[in-house]
2 protein chains.
Amino acid sequence: MNTPNFKPTKCDVCPIRHRAVCARCNADELVELDSIKYYRTYEAGQTVIWAGDKMSFVGSVVSGIATLTQTMEDGRTQMVGLLLPSDFVGRPGRDGAAYNVIATTDVVMCCFRKKPFEELMERTPHIAHRLLEMTLDELDAAREWMLVLGRKTAREKIASLLSIIARRNTAPTPGESSDAMVFDLPLTREAMADYLGLTLETVSRQMSALKRDGVIQLDGKRHITVPDMGRLMEEAGDDSDGGFLI
Amino acid sequence: MNTPNFKPTKCDVCPIRHRAVCARCNADELVELDSIKYYRTYEAGQTVIWAGDKMSFVGSVVSGIATLTQTMEDGRTQMVGLLLPSDFVGRPGRDGAAYNVIATTDVVMCCFRKKPFEELMERTPHIAHRLLEMTLDELDAAREWMLVLGRKTAREKIASLLSIIARRNTAPTPGESSDAMVFDLPLTREAMADYLGLTLETVSRQMSALKRDGVIQLDGKRHITVPDMGRLMEEAGDDSDGGFLI
DNA sequence: AGTCCCAATTGATCTGGGTCAAAGTTGGCC
DNA sequence: GGCCAACTTTGACCCAGATCAATTGGGACT
């Protein structure tokens with residue numbers, strides 16, 4: 001509920017990561033966008049949006065990590081999406097937010113006021129195309145995740161999550177997929193459990209098991225080395241190199 | 001692999017159900033579409049598309065029911081979507097199919113050759129808008145389903161599935177949501193199990209339990225009466241009236 | 001009416017992951 | 001440096017749902 005922090009200049013991070021609109025923007029459009037665009041920062045743990053609240057903007061993550069979660073009234077919660085830099089948030093054409101959006105780390109969002117964004121979308125077909133493309137990717141990811149939630153064992157679930165995060169953490173480097181990989185887990189054990197439909201105890205046990213079996217190395221709680229990505233993906237039960245997934 | 005069955009006339013079902021493109025079509029566009037549109041029939045049990053195969057069309061279901069499934073190489077399968085009349089199939093801008101599409105009942109599809117459809121989409125912004133809207137609905141449904149798969153008990157899962165099917169089977173009638181409702185299950189116990197991440201035995205047991213407890217009445221294996229939809233939705237653990245969901 | 005076949009039910013038993021409980025770690029802050 | 005709170009690990013036990021195994025039922029054929 002802070003006052004939005006306006007930046008009347010061209011987005012400095014867009015050329016690399018902020019694909020939502022900007023990757024296909026040209027300078028003219030950015031000038032036009034400036035009056036409806038703003039940045040906003042959220043602290044780790046802060047709720048960006050509550051499910052059901054009116055959303056006055058759409059936007060995308062510039063830096064940091066946020067999660068989409070659903071909660072039942074008895075407290076059971078399920079994470080339904082992970083928002084990494086460049087991911088889009090919000091839904092043109094619908095007022096209420098469908099999920100809780102929670103900042104896991106400090107997050108910078110690039111926001112567009114909803115009304116003018118929708119008008120811009122009407123005038124600019126390629127924005128709708130780009131959004132469609134991104135939404136289809138998210139749909140694929142969600143459906144891939146349904147297989148994880150519905151049919152995989154706890155160990156496979158953990159391995160699946162780790163390989164997704166590892167894959168999103170580095171450039172794809174096609175062909176060369178079974179090299180060592182090092183990254184920091186951006187999630188607590190509880191958040192992992194909420195993503196995987198497990199309890200945090202089970203997550204912890206399976207992480208220990210994967211460590212014991214040499215599939216991963218743990219340095220502290222969060223810093224992870226995967227000596228062999230191929231092995232990890234086998235553990236995940238992935239048949240192919242699994243193109244999409246969050 | 002039959003030869004597509006051309007119908008150079010205006011789609012006779014579109015005004016009611018075939019929303020994918022036609023709901024917002026006017027006569028002019030339909031005339032244009034005729035050269036790229038065709039109908040095709042699939043028998044119950046037939047595979048419409050295998051995951052990974054090249055898809056030469058997009059389209060939508062006119063009548064009948066099909067399922068989207070993913071399979072692991074050891075045979076575990078998870079249904080990731082249910083295609084009811086008016087639902088869209090395929091992905092403009094991507095060649096390979098991501099999932100198996102299987103006809104559960106006899107299915108009539110209204111197909112558009114992919115290339116010309118994509119070109120048409122370029123020229124006709126409202127098609128992209130409509131597709132975006134539909135894809136966002138599907139994404140919401142998939143995410144709602146992630147909560148079902150990840151956090152609900154077997155009984156709640158069954159109740160969730162029944163209430164979705166019941167809801168899609170009749171006009172919404174807003175306000176009046178706890179009336180008796182009668183419908184035919186379009187799925188076998190096994191298909192239900194694949195949707196819910198359960199075994200077919202558990203599905204059967206929970207169906208029996210819901211029947212014993214008076215939540216549903218069974219007439220034969222498939223014909224179902226729900227005396228009180230409110231009760232069913234309570235059993236499903238849905239807090240609200242649950243706007244979306246497939 | 002009989003029989004064949006497949007869907008569905010029901011029972012008995014087993015087990016992966018949940019639950020409850022108690023230590024152990026780690027990083028932030030004074 | 002030491003303390004505190006939050007996060008994590010580990011152990012013991014239990015139960016919902018899986019697995020294995022018979023039956024049962026019902027519709028489509030002769």
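Residue numbers start from 1 in every chain, and the chains themselves are labelled A, B, ... in the order their sequence lines are given, proteins ahead of strands. Everything quoted here is computed from the prediction, not taken from an experiment.
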Exercise. Is there a donor-acceptor contact under 3.5 Å from the side chain of B:Arg151 to the main chain of A:Arg76?
Worked result: no

Problem set entry | Spacing of A:Gln78 atom CD and A:Met72 atom CE [to the nearest 0.5 Å] | 11.0 Å

For this session: Compare every heavy atom of A:Cys111 with every heavy atom of A:Arg40, then report the nearest pair and how far apart it is.
Result: CB-SG, 4.4 Å

Problem set entry | Closest non-hydrogen atom pair between A:Asp140 and B:Ala98, with its separation | OD1-CB, 4.2 Å

Euclidean distance, atom [atom1] of residue [X] to atom [atom2] of [N] [Å, nearest integer]:
| X | N | atom1 | atom2 | result |
| --- | --- | --- | --- | --- |
| B:Lys157 | D:dA16 | NZ | P | 14 Å |
| A:Lys211 | C:dT25 | NZ | P | 11 Å |
| A:Met192 | D:dT9 | CE | C1' | 14 Å |
| B:Asp74 | D:dT19 | CG | C1' | 15 Å |
| A:His223 | C:dG27 | NE2 | P | 13 Å |

Exercise. Looking at A:Asp213 and A:Arg231, does any basic side-chain N land under 4.0 Å from a carboxylate oxygen?
Worked result: no

For this session: In plain terms, say whether B:Arg205 and B:Glu201 are close enough for a salt bridge, that is, a side-chain N and a carboxylate O under 4.0 Å apart.
Result: no

Seminar exercise, completed: A correct 5'-to-3' footprint of nucleotides 7-17 of chain C, with B, S and - meaning base, sugar-phosphate only and no protein heavy atom under 4.0 Å, is -SBBBB----S

